[in-house]
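Notes follow the structure.
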There are 2 protein chains.
Amino acid sequence: MPRQGLNREAVVQAAADLIEEKGLASFSMGGLARRLAVRPSSLYNHVQSMDGLLEGVAALAIDRLTQAEREACEGKTGEAALFALAEAYRWYARAHPELYRAVMHVGRWGRPELEARAGDIVRPIMEVLAGFGLDETEQRHWQRVLRSVMHGFAAHEQAGAFSHFPEDRDESYRLAVRCVAGGLRRAGRKSHEDGRTDPV
Amino acid sequence: MPRQGLNREAVVQAAADLIEEKGLASFSMGGLARRLAVRPSSLYNHVQSMDGLLEGVAALAIDRLTQAEREACEGKTGEAALFALAEAYRWYARAHPELYRAVMHVGRWGRPELEARAGDIVRPIMEVLAGFGLDETEQRHWQRVLRSVMHGFAAHEQAGAFSHFPEDRDESYRLAVRCVAGGLRRAGRKSHEDGRTDPV
DNA sequence: CCTTAAAAACGAATGCTGTTAGTTTTACTG
DNA sequence: CAGTAAAACTAACAGCATTCGTTTTTAAGG
């Protein structure tokens, strides 16, 4: 029984690969152990439990998703940045459906590791929204709106729930993002007017 | 072993109750059998498999959700109907989180029973959107937008993903629905103008 | 180079899980 | 009352996550 040179990072990485290949639903410690040429019990030297492992996978997926978002927005501002962010989000969810599924699958209530990543999820979005001239509170509300639209669309699309009608889904998504962009533009104008202390 | 008078409907109903109580994640055939005072294998006289059972639970949950939507919209049109629908949707997702979870959990690809319910989900939404003066294609796109917003918000809220900031979630939701309402209003106006064959 | 101790793999076992097959009991129909 | 179909049963299987105690391997210190 030669050592496999495993550590937590390698196990999480292998789990992510396996999930991406075979799907989150059929993931098991036994299957992962088989792939790593190790007995299932050996995995517990590197990981506290299956839930803990999936937590790590979710964190990894969040990292990649947010990086894709940041790269897409690089050098852009305003609506261009908004559309780039939204496109990157949907692209990731479609390119890595099972990994994206893992992100939303693990509840965030009281999991320290994921609680920390919450900031990573929010940050690129808040940076994009910063270009619309809203105050902090409004930005936080709109951040929720945008995340709702992006995840809601991705989830429905993945579940096959948008196949009832033949209309092009790309166009539906653009329409949704345009809708948010319009709302943001108007909110920004309004916020700017209200901010004037001495209107002409 | 006296007969329990079980049938598919009773089993599905009991499964829904159990899921609502203990959560979808911890649901099991053994647990359901225990509640029904029956051996696990006996359930297979009424249900093809656990997946088939969960499919039935999802169908049941869809029925209740759409009924809540219809009741909320009764007698309303336009934006009033839109807000009522959106409120009813979120209310149901919060009042029956585990049942709502079951709806989105089962993939819809090639499941006849749920494919049939897809129409039930879409219908009340399309009726509400009918009041905005869009053509059929636009209505189908906006239906996807609205469903994305509603589910995306419900899913994030349920996962605890909107707790990062203290801002009131009710207000975020109203903002999101207002955003869709504004988009719909403008799309309706535009559609009406385009429809004129002889503009003044 | 040898010793020591920690880390990592292991085998075995526990109590779950969904599901199938074959058998027995129940309830209805002629 | 006899026969039949449905519904319950028992037993079994393979797989699951996880824990315990043991054995092996590696790395560090003297």
Side-chain angles (χ1 to χ4, degrees), chain A residues 1-60 98 101-102 105-107 110-111 113-114, chain B residues 1-60 98 101-102 105-107 110-111 113-114:
Chain A
M1 61 222 77
R3 294 224 178 171
Q4 305 311 118
L6 290 183
N7 50 30
R8 185 184 146 90
E9 190 194 345
V11 171
V12 169
Q13 180 64 248
D17 293 347
L18 191 56
I19 286 172
E20 205 163 2
E21 276 181 39
K22 310 276 169 91
L24 177 62
S26 72
F27 174 78
S28 74
M29 297 295 272
L32 178 60
R34 208 173 307 122
R35 162 161 302 203
L36 291 170
V38 144
R39 294 298 156 133
S41 58
S42 303
L43 297 174
Y44 291 84
N45 285 319
H46 311 285
V47 159
Q48 199 189 10
S49 67
M50 188 178 173
D51 277 5
L53 172 55
L54 291 181
E55 214 171 308
V57 172
L60 183 150
E98 296 295 334
R101 190 189 221 80
H105 182 258
V106 281
R111 340 264 290 221
E113 172 162 10
L114 292 183
Chain B
M1 63 213 84
R3 296 226 176 166
Q4 304 312 117
L6 290 184
N7 50 30
R8 185 182 144 91
E9 190 193 344
V11 172
V12 169
Q13 179 65 247
D17 293 347
L18 191 55
I19 287 172
E20 204 162 3
E21 277 181 38
K22 310 274 168 92
L24 177 62
S26 72
F27 174 79
S28 73
M29 296 296 270
L32 178 59
R34 207 175 307 120
R35 161 160 305 203
L36 291 170
V38 145
R39 293 299 155 124
S41 58
S42 304
L43 297 174
Y44 291 85
N45 285 320
H46 311 284
V47 160
Q48 199 190 8
S49 68
M50 189 179 174
D51 277 6
L53 173 55
L54 291 181
E55 213 172 308
V57 172
L60 183 150
E98 297 295 334
R101 189 190 221 82
H105 182 258
V106 280
R111 336 256 306 209
E113 172 161 10
L114 292 183

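Letters A, B, ... mirror the listed sequences (proteins, then strands); counts begin at 1.
Judged as a side chain to side chain donor-acceptor pair (under 3.5 Å), the pairs with a partner in residues 28-44 of chain A (not counting sequence neighbours) are, in order, A:E21-A:R35. Residues in residues 48-57 of chain A take part in these side chain to side chain donor-acceptor pair (under 3.5 Å) pairs, two or more places apart or across chains: A:E55-A:R111. Within the structure, salt bridge (charged side-chain N to carboxylate O under 4.0 Å, His left out) contacts touching residues 11-20 of chain A (residues at least two apart or in different chains) do not occur.
Shown for residues 33-51 of chain A: residues whose heavy atoms fall under 4.0 angstrom of DNA chain C, namely A:V38, A:R39, A:S41, A:S42, A:N45, A:H46. For residues 21-32 of chain B, proximity to DNA chain C is found at B:S28, B:M29, B:G30, defined as any non-hydrogen atom under 4.0 angstrom from a strand atom.
With sequence neighbours excluded, the residues satisfying side chain to side chain donor-acceptor pair (under 3.5 Å) with A:Q13 are A:R64. In this structure A:A10 satisfies the side chain to side chain contact (heavy atoms under 4.5 Å, CB included) test together with A:L6, A:N7, sequence neighbours excluded. Remark: A:A102 engages A:L24, A:V57 in a side chain to side chain contact (heavy atoms under 4.5 Å, CB included) (not counting sequence neighbours). Among residues two or more places apart in sequence or in another chain, the side chain to side chain donor-acceptor pair (under 3.5 Å) test is passed with B:E9 by none.
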